[in-house]
Protein chains: 2
Amino acid sequence: MEVTNIENQQLTIQKKIDKVLCNSADVESCCPIKDILARFGDKWSIYTILTLGKQEKLRFNELKSQINGVSQRMLTVTLRSLEEDGLVSREVYAEIPPRVEYSLTPLGQGLLLQLLQLADWAKLNVDQILEARERYGKKSTQGV
Amino acid sequence: MEVTNIENQQLTIQKKIDKVLCNSADVESCCPIKDILARFGDKWSIYTILTLGKQEKLRFNELKSQINGVSQRMLTVTLRSLEEDGLVSREVYAEIPPRVEYSLTPLGQGLLLQLLQLADWAKLNVDQILEARERYGKKSTQGV
DNA sequence: CTGTATCCCTCTGGATACTG
DNA sequence: CAGTATCCAGAGGGATACAG
């Protein structure tokens with residue numbers, strides 16, 4: 001009975017993998033994980049999403065000062081791509097000097113939750129990964 | 001009462017974000033999400049993990065033929081880095097010709113589950129993202 | 001069969017200067 | 001304030017050739 005349950009679980013996982021891989025000839029075009037990864041896999045998107053997750057609405061320079069190390073150019077690029085995918089909304093007020101406020105859309109908040117889950121897993125397993133690295137390092141140092 | 005619940009949830013999220021961001025001066029060194037992202041954020045790791053998730057054990061050339069488009073070099077590089085982090089195990093049989101079998105470690109299987117969750121979210125929201133893109137495209141086409 | 005080594009090209013992202 | 005434009009360096013990754 002337990003064995004059957006485990007087998008069923010395994011089957012479910014394999015089916016999911018099949019769907020994700022799509023068995024397509026074209027690697028780039030079909031994997032949904034790759035798609036979302038393109039949304040936050042670059043250098044600054046995660047920090048931008050997390051920072052916006054904390055404060056609701058932020059102006060351009062507020063974001064820039066809170067995301068340590070980001071250049072003006074890259075913050076602009078990052079925000080534009082997040083805006084394009086509907087993860088971040090951009091509101092421009094026709095004032096002088098101009099005021100622009102960025103915030104997470106509901107979709108962006110959903111992605112934020114996914115990222116936090118990923119972070120939970122990371123925290124739970126980071127030790128194992130570090131241990132594995134140490135073992136690997138020793139292995140390559142050994143003469144034999 | 002409900003309001004309080006929502007507020008509590010929001011607080012929990014903000015605390016989590018704080019932990020993930022660490023308020024550190026050094027951007028690169030502290031964010032746990034960045035750490036795991038480095039484990040599967042490159043071009044071939046995801047396909048490798050998914051493919052190994054389906055079949056238990058695979059030899060080098062079996063992997064290469066199932067991961068469409070990967071070069072010999074990149075498959076090697078990818079497998080080495082996954083092995084280094086303890087996500088994939090590599091067993092070498094001292095035969096001629098050599099036989100090497102790769103498989104997911106329990107840790108790697110854990111990451112696989114996280115990836116599948118991410119894929120679930122992606123599938124649920126891909127339509128919204130596509131719509132947002134279309135809107136964005138129209139906006140930039142409009143003169144005013 | 002399972003790699004390593006080398007070359008080279010593209011793409012990301014940083015620095016800097018300029019603009020409405 | 002909130003960008004845009006340009007230039008450039010470095011990393012990632014493909015093609016090819018060679019090796020145990």
Side-chain angles (χ1 to χ4, degrees), chain A residues 26-28 31 34 37-49 51-52 55 57-85 88-103 136 139-140 143-144, chain B residues 26-28 31 34 37-48 51-52 57-85 88-103 136 139-140 143-144:
Chain A
D26 183 9
V27 177
E28 311 282 335
C31 178
K34 291 304 266 190
L37 208 63
R39 247 109 257 147
F40 66 88
D42 63 313
K43 189 163 182 181
W44 298 108
S45 289
I46 287 186
Y47 299 119
T48 307
I49 293 171
T51 305
L52 282 173
Q55 280 120 333
K57 275 177 187 294
L58 284 175
R59 302 178 61 167
F60 186 86
N61 273 343
E62 289 172 337
L63 266 170
K64 181 157 158 33
S65 65
Q66 289 190 37
I67 302 175
N68 208 296
V70 71
S71 69
Q72 202 167 32
R73 183 179 114 84
M74 287 318 295
L75 184 55
T76 303
V77 170
T78 303
L79 285 168
R80 287 294 179 281
S81 99
L82 292 175
E83 189 197 354
E84 180 174 358
D85 289 342
V88 158
S89 82
R90 175 174 182 265
E91 247 170 305
V92 185
Y93 298 88
E95 307 170 353
I96 292 181
R99 181 162 57 102
V100 182
E101 282 182 349
Y102 293 92
S103 57
Y136 191 87
K139 213 165 45 176
S140 33
V144 184
Chain B
D26 183 8
V27 176
E28 311 283 334
C31 178
K34 292 303 267 189
L37 208 63
R39 247 108 257 148
F40 67 89
D42 63 315
K43 188 164 183 182
W44 298 109
S45 289
I46 285 186
Y47 298 120
T48 307
T51 306
L52 282 174
K57 275 175 187 294
L58 284 175
R59 302 179 59 169
F60 186 86
N61 273 343
E62 290 173 335
L63 266 170
K64 181 157 158 32
S65 66
Q66 289 191 35
I67 302 176
N68 208 297
V70 71
S71 68
Q72 204 166 34
R73 183 179 115 85
M74 286 319 294
L75 183 55
T76 304
V77 170
T78 303
L79 286 168
R80 288 294 180 281
S81 99
L82 292 175
E83 190 198 352
E84 181 174 357
D85 289 342
V88 158
S89 82
R90 175 175 183 262
E91 247 171 305
V92 185
Y93 298 88
E95 306 171 356
I96 293 180
R99 182 162 57 102
V100 182
E101 283 182 350
Y102 293 93
S103 58
Y136 191 87
K139 212 165 44 175
S140 31
V144 183

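Just so it is clear, the model here is predicted, and its values are computed rather than measured. Every chain is numbered from 1 and lettered A, B, ... according to where its sequence line falls, protein lines coming before strand lines.
- Phosphate contact (OP1/OP2 of dT2(C), side-chain N/O of Arg59(B), threshold under 4.0 Å): present.
- What separates CG of Leu75(B) from P of dG12(D) is a distance of 17 Å, to the nearest Å.
- The nearest whole Å value for the distance from the CZ atom in Arg99(B) to the P atom in dT2(C) is 9 Å.
- Tyr102(A) comes within 4.0 angstrom of the backbone, heavy atoms only, and of no base.
- Checking the phosphate oxygens (OP1, OP2) of dG3(C), no side-chain nitrogen or oxygen of Lys64(B) falls inside 4.0 Å.
- The minimum heavy-atom distance between Arg80(A) and Tyr102(A), with the atom names listed, is NH1-OH, 3.4 Å.
- The CG atom of Leu79(B) sits 11 Å away from the P atom of dT2(C) (whole-angstrom rounding).
- A donor-acceptor pair is defined here as one N or O able to donate and one able to accept, closer than 3.5 Å; no such pair exists between the side chain of Lys64(A) and the backbone of Arg59(A).
- Here Arg99(B) contributes atom CZ and Asn61(B) contributes atom CG; the two are 13.5 Å apart, rounded to the nearest 0.5 Å.
- Taking only side-chain atoms of Asn61(A), from C-beta outward, the nucleotide of dG13(C), dC1(D), dG3(C) with the closest atom is dC1(D).
- Rounding to whole angstrom units, CG of residue Asp42(B) and P of dT12(C) are separated by 15 Å.
- Counting to the nearest Å, the P atom of dA11(D) and the CE atom of Met74(B) are 15 Å from each other.
- Looking at heavy-atom distances under 4.0 Å, Gln72(B) makes contact with a base.
- Checking the phosphate oxygens (OP1, OP2) of dA2(D), no side-chain nitrogen or oxygen of Arg80(A) falls inside 4.0 Å.
- Of all nucleotides listed (dT2(C), dG14(D), dA2(D)), dA2(D) comes nearest to the side chain of Arg90(A).
- Atom CD in Glu62(A) sits about 16 Å away from atom C1' in dG3(D), given to the nearest Å.
- Summarising the geometry, the separation between CZ on Phe60(A) and P on dC1(D) is reported as 11 Å, rounded to the nearest angstrom.
- Note: Glu62(A) CD to Ile67(A) CD1 = 11.5 Å, rounded to the nearest 0.5 Å.
- Neither OP1 nor OP2 of dA2(D) sits under 4.0 Å from any side-chain N or O of Arg73(A).
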query = Passes side chain to side chain contact (heavy atoms under 4.5 Å, CB included), Tyr47(A) versus Val70(A)? Steps please.
reply = CA-CA 10 Å; Tyr47(A) 299 119; Val70(A) 71; over 6 Å; no
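- Distance CG (Leu58(A)) to C1' (dC1(D)): 15 Å, rounded to an integer number of Å.
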